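What follows is a set of notes on a single structure, which appears directly below.
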Protein chains: 2
Amino acid sequence: MDERVPRDFETLRTTILERRHSLPKRIAQIAAYALDNPDDIAFGTAASIAASAGVQPSTLIRFAQQLGFDGFTSLQLVFRERLRERNSSYDERLAALRAKAEEGAGHRAIFDGFVAAASTSLNDISGRLNEDHFEDAIALLAKAETIYVLAKRRSYPVASYIAYALGKLKIRNQLIESAAGLNAEMISFASPRDAVIAISFSPYAPAAIEEARVISEQGVPIVAITDSSFSPLAQFAKVWFEVAEADFAGFRSLSATMALAMALTVAVGEKRRDEGRKRKA
Amino acid sequence: MDERVPRDFETLRTTILERRHSLPKRIAQIAAYALDNPDDIAFGTAASIAASAGVQPSTLIRFAQQLGFDGFTSLQLVFRERLRERNSSYDERLAALRAKAEEGAGHRAIFDGFVAAASTSLNDISGRLNEDHFEDAIALLAKAETIYVLAKRRSYPVASYIAYALGKLKIRNQLIESAAGLNAEMISFASPRDAVIAISFSPYAPAAIEEARVISEQGVPIVAITDSSFSPLAQFAKVWFEVAEADFAGFRSLSATMALAMALTVAVGEKRRDEGRKRKA
DNA sequence: GGCAATATGAAATAATAATTCCAATCCATA
DNA sequence: TATGGATTGGAATTATTATTTCATATTGCC
């Protein structure tokens, strides 16, 4: 292999863009395809890539050779390396933020720590959400007459947001608060035609668990957001989501829970609208 | 291939972890290696992976088959798919998420949209926070006798979280709620030795603005979190933060506001503790 | 401790994929 | 428009890689 073969993706990219106009038609075609679909180059076979790009496999090899590689395989390595490095760079960035926060230089570090925790949590839930459970929860909530929202202490802000959003979407809902001490009565109105969104994380607020138990015994289906399958909430729930929030300075993030709550709420709103339309038609 | 073969990485991961203890030694060995070095599985050949993990290629294939795949190749696809999705740089990934959300394929897209909005907001505020303002706000709040927390509607969840966290840190605070209709009286107790955290975004809740006006006229210093310098809150505030939250489906994220609120709260707690210690010394 | 079932190692084989080669085509230039 | 060089398509070849097979070893059980 030549001495000045592009070893990293960025150099390769630049090289391709420079030579773009002096390349033969088919080679230019595969060059454009490569820059547009780098992932395909990284994972595909010569044949599959050639087919997607509308050229012959041999053209792909000629392209690689023009750039100084000794074949398609060596070119592909650069595209693969890119995926490896890019991937770690994000994690590294987060780790840096977190490290800066942990070495504890002043108040800025506190802020960085919370941003890092929130990002981590979002990142995590994004890959973890079980789509089937999500659909089940939406279906369950969409057909409820009234949606009860149950959460105490740290989770209460999420509940209050859900209540706000449901209100904006004109979906009947009832936040189970403790202010007036009338929770027991409020709960007794719930029927199996209603549904509950319950949120609680370890250490589980006893009141939340107790209310969830009572309401589930009345036959009201519960959608739970909690932190593990050992959660007492999980056993009362028809559907439950596991959300692992990162923490900083002993305060856990709420970002993932919040995102899930927003998505649930809006999805329920959308499903109701769709079904309302169907019923009319 | 079996019907319930894990086809996404997370499911696969869970499945492996579940069966971990019932797997034969060498299979368990490759299983552990796979979870520790997912990138190697994605890129390597059966032979190279087997060598790195210290097993025979055939063991790798047996491992794949135990999981229900029909061979190493199908197992590898899952690991590759993961890299495609965890794709590239943070920004690109966000863009991908947002694009997926915008093309609007079902409920999953809604979830992706909210995660993307939250991530964007966090990313944004991370670079934007004015450190001097942050220090000023902390100083101001740390010396307050009582911290009043003022927010309505969409911002209310943030306020309720702040109140919860301040409580946990044993910092005297008062959430200005509308429930009992006694806000005016509550506000009249505030003195210049106290402080206010006020949060409001366009469209500003009239009650929040009005209460902020009254309380500032009483000489109580206000720390505001809002969305622009044109915000009516900004003019009443001693210190104010501009937070630009991304939105999805008409619902704006709260993640950046939340992170800032948490950081403020904890930083105030820390400053008070430090000063308490100094005073004793 | 012996037997059967299960697991493992190593090499043979089958499958798949990359590369090469050559004929056909295209294109610029005279 | 004829000619030579460059480019391209497609099949043949070679290389690489996954998979299968079978002999051997290990483990659990009576």
Side-chain angles (χ1 to χ4, degrees), chain A residues 1-2 5-6 12 16 19-34 37-81 83, chain B residues 1-2 5-7 12 15-16 18-34 37-81 83-84:
Chain A
M1 215 192 287
D2 191 309
V5 173
L12 178 59
I16 293 174
R19 302 205 199 158
R20 186 167 36 168
H21 298 294
S22 62
L23 291 172
K25 198 170 72 172
R26 291 269 114 113
I27 309 264
Q29 189 175 326
I30 192 73
Y33 183 86
N37 309 63
D39 290 8
D40 287 356
I41 307 283
F43 290 123
T45 67
S48 71
I49 297 165
S52 310
V55 300
Q56 289 290 325
S58 44
T59 307
L60 193 54
I61 285 150
R62 287 179 195 124
F63 168 59
Q65 286 168 343
Q66 287 244 357
L67 292 167
F69 296 96
D70 55 23
F72 165 68
T73 309
S74 354
L75 170 74
Q76 193 178 39
L77 285 181
V78 175
F79 282 79
R80 290 188 169 182
E81 204 44 50
L83 279 188
Chain B
M1 214 192 290
D2 190 306
V5 174
R7 62 174 238 312
L12 178 58
T15 311
I16 292 174
E18 268 169 14
R19 301 204 200 157
R20 186 168 36 170
H21 298 294
S22 62
L23 291 173
K25 198 171 69 171
R26 292 268 113 112
I27 309 262
Q29 188 174 329
I30 193 71
Y33 182 87
N37 310 62
D39 289 11
D40 288 356
I41 306 283
F43 290 122
T45 67
S48 71
I49 296 164
S52 309
V55 300
Q56 291 289 325
S58 45
T59 308
L60 230 185
I61 284 151
R62 287 178 194 125
F63 168 59
Q65 286 170 343
Q66 287 242 357
L67 292 167
F69 296 96
D70 55 23
F72 165 69
T73 308
S74 352
L75 171 74
Q76 193 178 38
L77 286 180
V78 175
F79 282 79
R80 293 191 164 178
E81 203 44 51
L83 279 189
R84 281 177 117 98

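First the proteins, then the strands, lettered A, B, ... as listed; each starts at 1. Keep in mind that this is a model prediction, so the values were computed, not measured. Worth knowing before you read on, the calculation uses all heavy atoms, side chains too, and leaves out hydrogens, waters and symmetry mates.
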State the dot-bracket string of DNA chain D. Criteria: Watson-Crick or G-U wobble, both atom distances under 3.5 angstrom; notation: ( ) intrastrand, [ ] crossing earlier pairs, | interstrand, . unpaired. ||||||||||||||||||||||||||||||

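- Within 4.0 Å of Ile27(B), counting heavy atoms only, lie sugar-phosphate atoms of the nucleic acid but no base atom.
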Before giving the answer on side chain to side chain contact (heavy atoms under 4.5 Å, CB included), spell out for Leu60(B) and Tyr33(B) the whole-Å C-alpha distance, their side-chain angles and the decisive distance to 0.1 Å. CA-CA 11 Å; Leu60(B) 230 185; Tyr33(B) 182 87; over 6 Å; no

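- Within 4.0 Å of Gln29(B), counting heavy atoms only, lies no atom of the nucleic acid at all.
- For the atom pair CG (Asp70(B)) and CD (Gln65(B)), the distance works out to 8.0 Å, reported to the nearest 0.5 Å.
- Nucleotide dA18(D) holds its P atom 7 Å from the CD atom of Gln76(B), rounded to whole Å.
- When distances run from any side-chain atom of Pro24(B) to the nucleotides dA18(C), dA18(D), dA7(C), the shortest one goes to dA7(C).
- In terms of phosphate contacts, Gln65(B) brings a side-chain nitrogen or oxygen within less than 4.0 Å of OP1 or OP2 of dT20(D).
- The distance from atom CZ of Phe63(A) to atom C1' of dA6(D) is 18 Å, rounded to the nearest whole Å.
- Note: CZ (Arg26(A)) to P (dA24(C)) measures 19 Å, nearest angstrom.
- Atom CZ of Arg80(A) and atom CG of Leu83(B) lie 10.5 Å apart (nearest 0.5 Å).
- If you take CZ on Phe72(A) and CZ on Phe63(A), they are separated by 10.5 Å, rounding to the nearest 0.5 Å.
- Distance from the side chain of Ser58(A) is smallest for dG9(D) among the nucleotides dA18(C), dA18(D), dG9(D).
- Put simply, the side chain of Thr59(B) and the base of dA7(C) share no donor and acceptor less than 3.5 Å apart.
- A donor-acceptor contact closer than 3.5 angstrom links the side chains of Gln29(B) and Arg26(B).
- When distances are taken from the side chain of Gln56(A) to each of dG9(D), dG9(C), dT19(D), the shortest belongs to dG9(D).
- Not a single donor-acceptor pair under 3.5 Å links the side chain of Gln76(A) to the backbone N or O of Thr45(A).
- In this structure, Ile41(A) atom CD1 and dA18(C) atom P are separated by 11 Å, rounded to whole Å.
- Separating the CZ atom of Phe69(A) from the C1' atom of dT20(C) is a distance of 20 Å, rounded to the nearest angstrom.
- Note that the CD1 atom of Ile30(B) and the CD1 atom of Ile41(B) stand 5.5 Å from one another [nearest 0.5 Å].
- With rounding to whole Å, Phe72(B) atom CZ is found 14 Å from dT16(D) atom C1'.
- Between Lys25(B) and Arg62(B), it is Arg62(B) whose nearest contact on DNA chain D lies nearer the 5' terminus.
- At whole-Å resolution of the value, CD1 in Ile49(B) and C1' in dT19(D) are 14 Å apart.
- Distance, Leu75(B) CG to dT17(D) C1': 16 Å, rounded to whole Å.
- In terms of position on DNA chain C, the residue among Pro57(B) and Ser22(B) whose nearest nucleotide sits closer to the 5' end is Ser22(B).
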